[in-house]
Each structure stands twice: as structure tokens, then as C-alpha cells.
Protein chains: 2
Amino acid sequence: MRSRILESAKSLFAEDGFQNVSIRKIADKIEYSPATIYLYFKDKDAILFALHNEGFRTLFSRQGENMRIVDPAKRLRALLEGYLDFALDEPEYYDLMFMLFTPLPKILKTSEWRYGRRAFRALQTTIQECQNKGLLKNTSIEAASLGLWGAAHGIAALLLRQRASMLPEDELPALAREGLRMLESHLLPLAPIPSA
Amino acid sequence: MRSRILESAKSLFAEDGFQNVSIRKIADKIEYSPATIYLYFKDKDAILFALHNEGFRTLFSRQGENMRIVDPAKRLRALLEGYLDFALDEPEYYDLMFMLFTPLPKILKTSEWRYGRRAFRALQTTIQECQNKGLLKNTSIEAASLGLWGAAHGIAALLLRQRASMLPEDELPALAREGLRMLESHLLPLAPIPSA
DNA sequence: TTACGACATTGAACACTGTTCAGAGGGTGT
DNA sequence: ACACCCTCTGAACAGTGTTCAATGTCGTAA
């Protein structure tokens, strides 16, 4: 039952966008009463949070392969590009996980919020390894991680919120990837490190 | 009257966050009936759009000084940092202008959407000048502008949506600025251009 | 077979939301 | 006195998230 609710919620989100999905519509789709949903989920936010977690699981499973790359610079590039690809492939999940305001405030305090910390730690250790190799110098790891994550996130967010409408729409995904790679090529050169 | 509505709407947004402001609350605050608001604004979105425009005006007035910087690399850095500062200083406006889904879909098609294009063009010509000086090579201007804008936007967006809670909260603005400057220092070196 | 408790389900309501519209009220000009 | 315009609003409609007493449907024990 729980999973049936989540399934139809997810498909409705994908169809009708986000704020246009009501408890009643989910209830209609699974042919139950709206009140039934509250037997399995405390809140509407609880539904969002469940999908939120599901999204993090698929993001992790996508990035698992990339985490095996030994060269930290290549790994970092792969992680950033994998992050952007995830955002473009699963816009509903991405919205939920990183752009929506609703489900988080409570989560930040109550639940331990494992996923975010785990992903962030992975990013930070990768950056640490890059710094050990002489890359990304002169910055704290905290600022570097925020900057790199923010770069990938921002490009994705502009596309998903349709703020880049001054660029041709059908080329947007390609431009987004090119833009990210351009940042990477300046920050994480694959060629031998230029003389510092 | 129009301006009284906008004023109380804006102050309520700043107090109670965004989705917690209803037409009725605005009406209560100005001591009029909810129906009165519809004499001056077609929609709730129309109110958001008006504030949206106001936000762009203040962003432009802030960036006006930066546009006078002659060195394109310095100008670009100032523009990006000014953009981030605006987001941190006026989170409600920024949310409305770049992160909210609501008011835009109609605007993109009906209204000519001058502000966005104007700001984007300014960014692009600055990047063009940078490329003429040998910076930001090997990228289309479209991708470069999307990447740089996205970087600044993403850092701001992560802070405003409280996604960077694994970093100490009181240092977040400083870390955001440091992260952005770190990106800039790799992309737009102020020192003479390293040998290509 | 009957009685009981545990469980799943729901209709109806509450307080809220954005929005519309017929009508009330006041002011001015004829 | 009448007509006109303008500003404003009460009341309603359809929708939202959420709650709760009440209903039905089981399996088990007497």
C-alpha cells in the first residue's frame, strides 16, 4: 500500500508538475479515500520525504561507479558531471531533493539526514585528494566543495526553473554540460599541473 | 493603493516566508477586503510579477557601478560577486526572481521579459571581451555564460534553500563568497595570463 | 453460531487557499 | 431627484491539507 501511494505520487509528479498534485488526486489514482493515505503517511511532507530518500538512493547508485575512479581529478569531474546528468534525467527527483523548500526544515532537525552528509563527505574527501596533488590550491575545503557543488547545482537549477530561456531550448542540455566542463577544465586540468 | 498592496506583500513575504502569505493576509494587513486586491491585480501571480520586476530594478541599480569597470575580467568578477551579494542581501527578491516556479511560465510567453535578456546580454558581452583578451578560451559564449551564471546562482540557491546545512551556519555567507572567488581565481586570473 | 476485538477504510467536516460577482455605498454633475 | 461612475465588499465556489467518529470486514475464542 505504502509503495502504491509512492508510485502514483511519483507518476503524478512527473506528469502534472509539482504543486499540482494533491492528496485527493493521489487518492483518486489508487482508488482509495484521501483519509486512507494518512494511515500510511503522517503528512504530505512525509510522502515527499520518502520520494526524497528514494531519489538519494538512485543518485548514490549512479555515482557508485564514479567513486571507483582512482585519479581524484578525474573522479571529481565524473562526480560533477554525473550530478548534472542526474538532475537532467530525473528533474522531479532533483527538484524534490535540492530545490524544494517544503520537506526539509523538519528533516534538518529531526531526522539525522544521513544522505546529504554522506554525499558531501565523499565530495570533500575527493577535493582533499585533489589538493594533495596540487590542484584547487589556496582555498579551504569547505569553500571549494560549496563552490563546485554550487556550480553544478546552479546550472541544473537554471534549466529546471526555465531561467535560461534566452538560449535555444533544444540545445540547453548540451550547453549545460559544455558550461560545466568549461569550469572543470579551468579548475581541474587533466594535463600536467601548470607551474604554480 | 497598488503600491500599498505591494509594500505589505513584500513585508509579509520577508516575515513569514513565501508560501505562507495568502491574499487574505495581505488584505488584512492593509485593512481591505480580499476582493479589493483583485481590482488592482489580475492574479496572485501579478503581484509576484510586480515584485519580480522591482527586484530586477534593484539588481540593475546595484550592478550599474560594476558595469563601469573597464577591465572585462575585473568587471566579470565584480558582476558575479555582486550577483551573489544581492542574493544574500535580498533573499526574498532573489527567490522570486530566480528560484520560484510560479510567476514565470506565463511571463516567458506573453510579456517580452526584457530584464532577463538585458542582464544576460550584459553578461555575454563581458564574456566576449574576456575572450578577446585570451581568457575563457575554447568555449562558446553561451556555454560560458550559462556556466558562470550557474555557478553564482547555485551557490546562492544552496544557501537559500538550506541545503548546505552540513557547514557551520554562521560562516555560510563567507564560505559562499570564498567559494565563488575560488572559482573566479581559476577562471579569470588577475595576474598576467598564464602561458597557453 | 455467536461474540469479541483488531484491523482497514471512509464520509463528513474544519480551516484554509485563490478567485469571482452581484450588489452596496458614496460622490459628482445634471 | 435622478443617473452615472467609481470603490469597495459579503458571500459564494471549488479547491487544498488534515482529522475523526463511524463503518465494515476479518479471524479467533467461547
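Proteins come first, then strands; the chains are lettered A, B, ... in the order of their sequence lines, and each starts at number 1.
- Residues from residues 2-15 of chain A placing a heavy atom under 4.0 Å of any atom in DNA chain C do not occur.
- Its side chain within the 4.5 Å cluster rule, A:Leu79 clusters with A:Met67 among the Ile, Leu, Val, Met, Phe, Trp and Tyr residues.
- A salt bridge (Lys or Arg N to Asp or Glu O under 4.0 Å) check over residues 52-67 of chain B, counting only residues at least two apart or in different chains, returns the pairs B:Arg62-B:Asp89.
- For the 3.5 Å distance criterion, the side chains of A:Asn132 and A:Glu129 fail to qualify, holding no donor opposite an acceptor.
- Between chain A and DNA chain D, the heavy-atom contact criterion of under 4.0 Å yields a 5' to 3' nucleotide range of D:dT16 to D:dC20.
- Under the side-chain hydrogen bond (donor to acceptor under 3.5 Å, both in side chains) criterion, B:Thr126 pairs with B:Arg75, sequence neighbours left out.
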Would you tabulate the side-chain donor-acceptor contacts of residues 141-152 of chain B under 3.5 Å, counting partners in other chains and residues two or more places apart, or write 'none'?
from     : atom 1 : to       : atom 2 : distance (Å)
B:Ser145 : OG     : B:Ile141 : O      : 2.9
B:Ser145 : OG     : B:Glu142 : O      : 2.8
B:Trp149 : NE1    : B:Tyr83  : OH     : 2.9

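- Listed by chain and number, the residues in a side-chain hydrogen bond (donor to acceptor under 3.5 Å, both in side chains) with B:Glu178 are A:Ser140 (sequence neighbours excluded).
- Checked against side chain to side chain contact (heavy atoms under 4.5 Å, CB included), A:Glu184 has the following partners two or more places apart in sequence or in another chain: A:Arg77, A:Leu80, A:Glu81, A:Leu180, A:Arg181.
- Across all strands shown, A:Tyr40 has heavy atoms under 4.0 Å from sugar-phosphate atoms exclusively, and none from any base.
- Residues forming a side chain to side chain contact (heavy atoms under 4.5 Å, CB included) with B:Ala46 (at least two apart in sequence, or on another chain): B:Phe41, B:Asp43.
- Residues forming a side-chain hydrogen bond (donor to acceptor under 3.5 Å, both in side chains) with A:Asn53 (at least two apart in sequence, or on another chain): none.
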**Complete:** Going 5' to 3' through nucleotides 12-22 of chain C and flagging B where a protein heavy-atom sits under 4.0 Å of the base, S where only the sugar-phosphate is that close, and - otherwise, we get -B---BBBBB-
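- Contacts of B:Lys29 classified as side-chain hydrogen bond (donor to acceptor under 3.5 Å, both in side chains), with partners at least two apart in sequence or in another chain: B:Ser11.
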